[in-house]
Q: 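Have a look at this one before I ask anything.
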There are 2 protein chains.
Amino acid sequence: MPRERKSVNSDVTTADRLIPVAAALFRRLGYGQTSTRELALRLGITSATLYHYINGKDDLLFQICSSALTHIDEAVRKATASAPVEKKIEVAIRSHLICALIDSDSHATMLVEMKALPTERKAAIIRQRDQYEELIRTLIVESQQAGVVRADIDAKYVALALLNLLNWSIFWFDPNGSLSESELADVLSKVFLDGVRASEP
Amino acid sequence: MPRERKSVNSDVTTADRLIPVAAALFRRLGYGQTSTRELALRLGITSATLYHYINGKDDLLFQICSSALTHIDEAVRKATASAPVEKKIEVAIRSHLICALIDSDSHATMLVEMKALPTERKAAIIRQRDQYEELIRTLIVESQQAGVVRADIDAKYVALALLNLLNWSIFWFDPNGSLSESELADVLSKVFLDGVRASEP
DNA sequence: GTCTATACTTCGATAGAC
DNA sequence: GTCTATCGAAGTATAGAC
């Protein structure tokens, strides 16, 4: 029986590297400052070969944005579905952060470079983003109805405050720093749920 | 006595419009996607005339970033200096938001397009940003020492959580929406200081 | 799937007249 | 302070051979 290579194959193909390498460059330089030549150089191919994989530069940005949003929506939806209502927010915070920080190049690019997409594709991404924000809002509403979350602030703004806390973390979190993804989830859960005011002594 | 025009002059010159118009375009399209021709068009001049005011395109981005950071640092520093320690954080939240949301094009551009600056200028802006973040961190430390803010979370992360809350607001706040800048400050102060957990019934 | 070569466009910036 | 005209560089993308 001949030595098989297939799923046991650990080769990383150019196709596999395309999106991660593009996301890293778009994040560091910005979409508009990243040339297809520079991207090809990093991939070890010529810019002509790059066009064997894509139809245009914005294909890359669209795929990055779309898959980032698909992944985080699925992750948070699945994790919160099976959690008891008192734990849904903590579970959402943790699953969101794990997903966004593990692939932070894609998520940072999605959040910041979305605007560079052509009109129709931008609209599609914005619909996806709105759908995810709707998921978060629903979690807040459920928590309010269960008496777990204060109801004196409109769920809409509670949800946006939570997204503030989660989204901007991507831009300063250091995977080699003193805090792990999970520890950051603990910190943000504490701040979001209990606030930073000192309890009475 | 001839009809004088000077400080009573309400003419808006091209020089005055330069930065605001550039900031609005950079925000909507991104720095890399904004051409000097498009900018000149919006100003009602040619791109050649634009170069009477600037030495290069990145002058505009640098001025936007630098003045945004100078203004917010001054505003928050001044407002918090005269506030009692129990009120410093609320005052910081309010003054930060007022400053950032009134000139949201500049602040959004600073936060997101900073990376497009040439190396030295980028370093200068990052120093300015770090100095502002240091101001926020100092306010947290002072509040912890006064027993106003919980001390079981490192001031560094309390400050970053606060900056998350403040910075990302710029990207969804709608000046024509149902919430004013001041009302948003109230909401974020409540969430940050007291958390969203429902109090015992 | 990768290359060389290059077409075509747009960009940032300058020269020099008014 | 504004223009017309234009340069040279860099960009995206394609043609066609291997």
Side-chain angles (χ1 to χ4, degrees), chain A residues 5-6 9-65 109 113-122, chain B residues 5-6 9-65 109 113-122:
Chain A
R5 310 162 74 244
K6 267 232 168 82
N9 192 337
S10 71
D11 292 359
V12 179
T13 66
T14 298
D16 294 333
R17 295 174 58 228
L18 203 56
I19 296 296
V21 172
L25 274 177
F26 291 169
R27 180 192 197 166
R28 201 176 76 239
L29 309 176
Y31 177 77
Q33 285 75 39
T34 305
S35 69
T36 52
R37 282 179 173 89
E38 171 76 10
L39 172 57
L41 190 69
R42 304 273 168 163
L43 289 165
I45 56 178
T46 63
S47 72
T49 303
L50 180 59
Y51 282 88
H52 171 73
Y53 297 95
I54 60 174
N55 291 319
K57 189 185 166 188
D58 63 280
D59 285 7
L60 293 163
L61 182 56
F62 181 74
Q63 278 185 55
I64 290 166
C65 293
T109 297
E113 304 291 344
M114 190 189 291
K115 60 175 177 288
L117 284 169
T119 319
E120 249 172 72
R121 294 188 138 185
K122 179 162 61 182
Chain B
R5 310 163 74 245
K6 267 235 169 80
N9 193 337
S10 71
D11 292 358
V12 179
T13 67
T14 297
D16 294 333
R17 294 174 58 228
L18 203 54
I19 296 296
V21 171
L25 273 177
F26 291 168
R27 180 192 198 167
R28 201 175 74 239
L29 308 176
Y31 177 76
Q33 284 76 38
T34 306
S35 71
T36 52
R37 284 177 172 84
E38 171 75 11
L39 172 57
L41 190 69
R42 303 273 168 162
L43 290 165
I45 57 177
T46 64
S47 72
T49 303
L50 179 60
Y51 282 87
H52 171 73
Y53 297 95
I54 60 175
N55 291 318
K57 189 185 166 188
D58 63 279
D59 285 8
L60 293 162
L61 182 56
F62 180 73
Q63 277 185 57
I64 290 166
C65 293
T109 296
E113 304 291 344
M114 190 188 292
K115 59 175 178 289
L117 284 169
T119 318
E120 249 172 72
R121 292 187 140 185
K122 179 162 60 182

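Naming convention: chains lettered A, B, ... in sequence-line order (proteins, then strands); numbering from 1 in each chain.
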Q: Decide, yes or no, whether a salt bridge links A:D59 with A:R121 under the criterion of side-chain N to carboxylate O below 4.0 Å.
A: yes

Q: At under 4.0 Å between heavy atoms, what does B:T34 touch on the DNA or RNA strands: base, sugar-phosphate, or nothing?
A: sugar-phosphate

Q: Any non-hydrogen side-chain atom of A:K115 less than 4.5 Å from a side-chain atom of B:L29?
A: no

Q: Does the side chain of A:D11 come within less than 4.5 Å of A:D16's, by heavy atoms?
A: no

Q: Could you pull out all residues at least two apart from A:A116 that satisfy side-chain contact (heavy atoms from CB on, under 4.5 Å)?
A: A:Y31, A:L61, B:Q33

Q: Heavy atom of residues 38-60 of chain B under 4.0 Å from DNA chain D: which residues?
A: B:I45, B:T46, B:A48, B:T49, B:H52, B:Y53

Q: Is any side-chain heavy atom of B:I54 closer than 4.5 Å to one of B:L18?
A: yes

Q: How do A:Q33 and B:A15 order along DNA chain D: which one's closest nucleotide is nearer the 5' end?
A: B:A15

Q: When the distance from CZ of A:R17 to P of C:dG1 is rounded to whole Å, what number comes out?
A: 15 Å

